[in-house]
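Here's the structure, in structure tokens; my notes come after.
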Protein chains: 2
Amino acid sequence: MPTPHYGQPRYRVIADDLRKRIESGAIPPGTLLPAESVLAAEFRASRGTIRQAIAILRETRLVATEHGRGTFVYPDSSSSGRYVGSESGVRKRHVAADPELAALFAVKPGTTLVEEESVTRQNGTVDAVVKVYRLP
Amino acid sequence: MPTPHYGQPRYRVIADDLRKRIESGAIPPGTLLPAESVLAAEFRASRGTIRQAIAILRETRLVATEHGRGTFVYPDSSSSGRYVGSESGVRKRHVAADPELAALFAVKPGTTLVEEESVTRQNGTVDAVVKVYRLP
DNA sequence: AGAAATTTGTCCGTATGTATC
DNA sequence: AGATACATACGGACAAATTTC
């Protein structure tokens, strides 16, 4: 079989499919994605292609992968998985205020806050992660 | 031949090597990197491994790749870190890395991180809470 | 405690598609 | 048109971390 990738490449199509499953709640936050080998069988794609798809979800911070464990869906990602910054490395999302933040902002715990996350690097390695919380 | 990758994986070693060539000026800004096939021959690695290495440099914004053309060295971005030292009350403490922070810092979840928290106010009311995470 | 199974990580070789020169 | 270079995709093999038995 040849390798035609008309329009979108397969790994992007697969990534979109998985993203929809996550945002729709079909794969709830905090749970594991099916193993790469399982996804490969389901999509009839090679493991490498599946890994490319998951890499996209990882870049957008929709999931996190751990060696030997699997790929987890991040908490939050179901209803407000928006990625604003295109390439700037700044990611904006809505989070619920924990008791500490709630006290600082003088609101009830659980109130929605805006979190802006940016990453600074030095020689390619992550130097610091900065999170800024504000009221919407 | 097996596939032993003691210590660092090959693609990271190759990425470091290329990064040094760029930072030393051996590959001047604006010029092309050798083609992937050439690098593959030089490092005796597969093209896939070379592509993994270049992907790292791309994430760091050290190079940019264009389809059919090649991989260019960025015209120097040595932007220094911009720091706005707020004024007051910087609170420092140790926290355990959640999966997301762990992934960013490339450490195991649970690893100790230093968290610096500062609060900016306007007329006494909290405007924003800034949290900076670093490795100890 | 230890072995086996599972899962992700790395690496290779090959083939083909697509964009640029 | 032809050559060159990057992009996508496959399949296989082994390494390393985790979980399960």
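Fair warning: this is a prediction, and the values are worked out from it, not measured in the lab. Sequence lines set the chain letters: A, B, ... in the order given, protein chains first and strands last, and positions in each chain run from 1.
- Rounding to whole angstrom units, CD of residue B/Glu66 and P of C/dA19 are separated by 14 Å.
- In this structure, A/Leu32 atom CG and D/dT20 atom P are separated by 10 Å, rounded to whole Å.
- The side chain of B/Thr65 lies closest to D/dC6 when the candidates are D/dC6, C/dC11, C/dG9.
- The distance between atom CD of B/Glu36 and atom P of C/dA19, rounded to the nearest whole Å, is 16 Å.
- Heavy atoms of B/Gly48 sit nowhere under 4.0 angstrom from any nucleic acid atom.
- In this structure, A/Thr49 contributes its side chain and A/Ala45 its backbone to no donor-acceptor pair below 3.5 Å.
- Nearest-nucleotide positions on DNA chain D place A/Gln52 closer to the 5' end than the other of A/Gln52 and A/Gly68.
- Of the candidates D/dT8, C/dT10, D/dC10, D/dT8 carries the atom nearest the A/Tyr11 side chain, counting heavy atoms from C-beta on.
- Atom CG of A/Leu39 and atom P of C/dT8 are 8 Å apart (whole Å).
- Nearer the 5' end of DNA chain D, as judged by each residue's closest nucleotide, is the contact made by B/Val38, out of A/Arg44 and B/Val38.
- Put simply, the side chain of B/His67 and the base of D/dA7 share no donor and acceptor less than 3.5 Å apart.
- As rounded to whole Å, 20 Å separates atom P of C/dG9 from atom CZ of B/Arg10.
- A sub-4.0 Å separation between OP1 or OP2 of C/dT7 and a side-chain N or O of A/Thr71 is absent.
- Atom CD1 in A/Ile50 sits roughly 11 Å away from atom C1' in D/dA9 (whole-Å rounding).
- Looking at A/Arg47, its side chain has no donor and acceptor atom pair within 3.5 Å of the base of D/dG12.
- Taking only side-chain atoms of A/Arg51, from C-beta outward, the nucleotide of D/dC6, D/dA15, C/dT10 with the closest atom is C/dT10.
- Rounded to a whole Å, the CZ atom of B/Phe43 is 13 Å from the P atom of C/dC11.
- Ion pairing of B/Glu42 with B/Arg21 is present here, as a side-chain N (NZ or NE/NH1/NH2) and a carboxylate O approach within less than 4.0 Å.
- Between A/Glu36 and A/Arg51, at least one side-chain nitrogen of the basic residue sits less than 4.0 Å from a carboxylate oxygen of the acidic one, meeting the salt-bridge criterion.
- A salt bridge links B/Asp16 with B/Arg19; the closest basic N to acidic carboxylate O contact falls under 4.0 Å.
- Counting only distance, with no hydrogens or angles, the side chain of A/Arg58 and the backbone of A/Ala53 share no donor-acceptor pair below 3.5 Å.
- To the nearest angstrom, P of C/dG9 lies 16 Å from CD of B/Gln8.
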